[in-house]
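Okay, structure first, notes after.
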Amino acid sequence: MISANLQALQARIEQACDRADRPKGSVQLLAVSKTFDADAVRQAWSAGQRAFGENYVQEGVEKVQQLRAAGLTDIEWHCIGPLQSNKTRPVAEYFDWVHTVDRLKVAQRLSEQRPPELPPLQVCVQVNVDGGPNKSGVLPEQALGLAQAVAALPRLRLRGLMCIPEPAPDFASACAVFGRARALFEALNAQGLALDTLSMGMSDDLEAAIASGSTLVRVGSAIFGARHYPAQG
Ligand SMILES: *Cc1c(COP(=O)(O)O)cnc(C)c1O
């Protein structure tokens, strides 16, 4: 089932690329495996998937350890959950990417805690593009300053921006919100930041995200099915 879902999803992504006049292969698929066990990850891996996203640090670290012990060492692990500054160390030690940097303090700790034998941690700055007051993410007008500060940290490599807008009522309004992230991405590059990653789009809105310039979609339920146990901290 997981392998059939992945195939169907790749077809959806290719079709969205076609419709947006974008080359096939210009959008990377991140399989969001939160709440699913290591065996589900292994099944997706057997079908060729190599990049996985986790929201909860402890759960993610356990899966990384289990799968490495099982010999799956070629997986790229992305942390996509909210990050508290007292939980950065395991992220710096076990993950390859972090999409949710929205404060300099978190970025500084990740840089300090990144083990010297590992390559730099790949980082996206999370932006609150639709202005929800309780949402994670830096405000768009603060993104340039944070991005420049993150880019200067020695053990991080700034790759781009990430956003999680509220579900939109229709395709056009979804594109309008994703378009703000795209405009910000271009504005930051015009300021000399060499960003190559725009992390946006999930199971229900990836077509709008791809039409708006996403380079990486984060998809969980369309691959692994409905999630059953609730979020842990
Ligand atoms: C859970 C989650 C996803 C995947 O959501 P689906 O709707 O299952 O595709 C993507 N991004 C983030 C940040 C998530 O927390």
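Just follow the structure's listing: the first ligand is 1, and inside any ligand the first atom is 1.
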Item to check | Contact partition for Lys34 relative to ligand 1, non-hydrogen atoms under 4.0 Å | outcome: side chain
Checklist entry - Where on Ile164 is there a heavy atom closer than 4.0 Å to ligand 1, on the side chain, on the backbone, on both, or on neither? => result side chain
Item to check | Donor-acceptor contact below 3.5 Å, side chain Asp96 vs main chain Trp77 | outcome: yes
Next on the checklist: Taking 4.0 angstrom as the limit and counting only heavy atoms of Val219, give me the atoms of ligand 1 inside it, by number and element.
Outcome noted: 9 (O)
Next on the checklist: When you compare the side chains of Glu62 and Gln58, does any donor N or O come within less than 3.5 Å of an acceptor on the partner?
Outcome noted: yes
Item to check | Close-contact set for ligand 1 against Asn55 heavy atoms, below 4.0 Å | outcome: 14 (C), 15 (O)
Checklist outcome for this item: for atom 10 (C) of ligand 1, nearest protein heavy atom and its distance come out as Met202 SD, 3.1 Å
Checklist entry - Is a side-chain donor-acceptor pair under 3.5 Å present for Ser33 with Glu54? => result yes
Next on the checklist: Within ligand 1, which atoms have a heavy atom of Arg218 less than 4.0 Å away?
Outcome noted: 4 (C), 9 (O), 10 (C), 11 (N), 12 (C), 13 (C)
Item to check | Distance-only polar pair, side chains of Ser199 and Arg218, donor-acceptor under 3.5 Å | outcome: yes
Checklist entry - Does a side chain donor of either Thr100 or Gln126 reach within less than 3.5 Å of an acceptor in the other side chain? => result no
Next on the checklist: What protein heavy atom lies closest to atom 6 (P) of ligand 1? Include the residue and the distance to one decimal.
Outcome noted: Ser203 OG, 3.5 Å
Item to check | Aromatic plane relationship, Phe224 with Phe52 - under 30° parallel, 30 to 60° tilted, over 60° perpendicular | outcome: tilted
Checklist outcome for this item: A student checking ligand 1 against Gly220 at a 4.0 Å heavy-atom cut-off should list atoms 4 (C), 6 (P), 8 (O), 9 (O)
Checklist entry - Among side-chain atoms of Thr197 and Thr215, is any donor-acceptor pair under 3.5 angstrom? => result no
Next on the checklist: Looking at ligand 1, would His99 count as a contact under a 4.0 Å heavy-atom criterion?
Outcome noted: no
Next on the checklist: If the cut-off is 4.0 Å to any non-hydrogen atom of Ile80, which atoms of ligand 1 fall inside it?
Outcome noted: 11 (N), 12 (C), 13 (C), 14 (C)
